[in-house]
Amino acid sequence: MEKDSMLFVADHPLIKHKLTIMRDKNTGSKDFRHLLEEITMLMCYELTSDVPTIDVEVETPIAKMTSQQIEEGHMAVIPILRAGLGMVEGILNLMPVAKVGHIGLYRDPATHKPVEYYCKLPEDIETRYVIVCDPMLATGGSASDAITMLKARGCKRIKFLCLVAAPEGVEKLRHDHPDVKIYAAALDERLNENAYIVPGLGDAGDRLFGTM
Ligand code: PRP
Ligand code: URA
C-alpha cells in the first residue's frame with residue numbers, strides 16, 4: 001500500500017507487544033479491555049502531536065512564566081458503538097474534559113454494510129477537534145458513514161483512530177474522506193469472505209464485552 005501523510009501506522013515496540021497479546025484468541029475480555037485502553041493512550045500521544053496550544057501564565061515555586069496548554073474544552077471523542085467504547089477511557093485519561101458523543105452503527109451480517117441505530121453528539125460539535133474511534137477499520141463502511149454524519153453536523157477537523165486497519169478500509173476512507181487522517185496501531189493483510197480482517201483479532205465488540 002502506498003504511504004502518505006494522511007495515514008499513520010504505529011511502529012513502537014510497546015504498541016506491538018500489547019497488540020500481540022490482544023490478537024491471541026486465548027486472551028480474555030478483562031485483559032483485552034485493559035490493553036485496548038493502554039494502546040489507545042499510546043496512540044493518542046501521536047494523534048494529538050499537532051493539536052494547537054495556547055499560552056498561559058503559570059507561577060512555579062521559583063518564578064512566573066508563560067507556558068503552553070491544549071484547549072481541552074475544544075476536543076470531542078466520538079466512539080462508534082459498540083467496540084469504540086473500549087477506547088474512550090484511554091483518551092479521557094489524557095484529556096479529561098473532552099466531550100464524548102456516540103454514534104451507533106452495526107454491520108449487517110449479510111451485506112456487511114453499516115446500519116445506523118443511534119446518534120447523540122455534543123451541541124457544539126462543529127466547533128471541536130473530533131477524534132472518531134473504533135478498534136476495527138475493515139471495509140471502512142462504518143468509519144466512513146460516521147464521518148459523513150459528523151460532517152453533515154458541520155465538523156471540519158476530524159481524525160480517525162483505530163487499532164487494526166485493513167487496506168480495503170484505508171482505501172475507502174481515503175476515497176470518501178481524504179481530509180481525515182487515519183491513525184492505526186497496525187495495518188493487516190486483507191479481508192476474508194466475511195469481511196473480517198486477516199489476521200486481525202476477531203470480533204472486537206464481542207471480545208471486549210464477552211458476547212461470543
Ligand atoms: C465492527 C467494528 C466496526 C465495524 C468495522 O462493529 O467495531 O464498527 O465492525 O467494520 P467495517 O469497517 O467493515 O464497517 P460491528 O458491526 O461488529 O458492531 P459492534 O461494535 O456492535 O460489535
Ligand atoms: N469487525 C470486527 O470486529 N472485526 C473485524 O475483523 C471486522 C469487523
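Order of appearance sets the numbers: ligands from 1, and atoms from 1 within every ligand.
For the pair R107 and Y117, the cation-pi criterion (under 6.0 Å, within 45° of the ring axis) is not fulfilled.
When only non-hydrogen protein atoms are considered, atom 8 (O) of ligand 1 lies nearest to D134 OD2, 2.4 Å. Counting only heavy atoms of the protein, atom 17 (O) of ligand 1 lies nearest to D203 OD2, 3.9 Å.
Under 4.0 Å from ligand 1, heavy atoms of T139 appear from its side chain as well as its backbone. Contacts with ligand 1 closer than 4.0 Å are made by no heavy atom of A204, backbone or side chain.
Near ligand 2, residues R107, M136, A138, A195, Y196, I197, G202, D203, A204 each place a heavy atom inside the 4.0 Å sphere around the ligand atoms.
Put simply, atom 6 (O) of ligand 1 has no protein non-hydrogen atoms near it, under 4.0 Å away.
In this structure, D206 pairs ionically with R82, as a charged nitrogen and a carboxylate oxygen lie closer than 4.0 Å. Contact check on D124 versus R128 returns a salt bridge, with a Lys/Arg side-chain nitrogen under 4.0 Å from an Asp/Glu carboxylate oxygen. Salt-bridge check for K18 with E38: passed, with a basic side-chain N closer than 4.0 Å to an acidic carboxylate O. Under the 4.0 Å criterion applied to side-chain N and carboxylate O atoms, D179 and K156 are not assigned as salt-bridge partners. By the 4.0 Å N-to-carboxylate-O rule, R23 lies close enough to D188 to be salt-bridged with it.
Taking distance alone, with nitrogen or oxygen atoms compared against 3.5 Å, G140 approaches ligand 1 more closely than that limit. Annotation: L137 places no N or O atom under 3.5 Å from an N or O atom of ligand 1; distance criterion only. Considering backbone and side-chain N/O of M136, none are found under 3.5 Å from N/O of ligand 1.
Dense packing is recorded around CD of Q68, with more than 12 heavy atoms of other residues, nucleotides or ligands lying under 6.0 Å away.
Taking CD of Q69 as the start and CD of E71 as the end, the distance is 9.5 Å to the nearest 0.5 Å.
With R107, E168, R82 as candidates, the residue nearest to atom 22 (O) of ligand 1 on a non-hydrogen basis is R82.
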I78 and I131: CA distance, side-chain angles, deciding distance, side-chain contact (heavy atoms from CB on, under 4.5 Å) verdict: CA-CA 6 Å; I78 313 294; I131 304 170; over 6 Å; no

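Distances below 4.0 Å separate heavy atoms of S142 from the following atoms of ligand 1: 4 (C), 8 (O), 11 (P), 14 (O). Annotation for ligand 1: atoms under 4.0 Å from non-hydrogen atoms of Y106 are 16 (O).
For the pair S142 (side chain) and P114 (backbone), a donor-acceptor distance under 3.5 Å is absent.
Using a 3.5 Å distance cut-off with no hydrogens or angles, the side chains of H177 and T148 do pair a donor with an acceptor.
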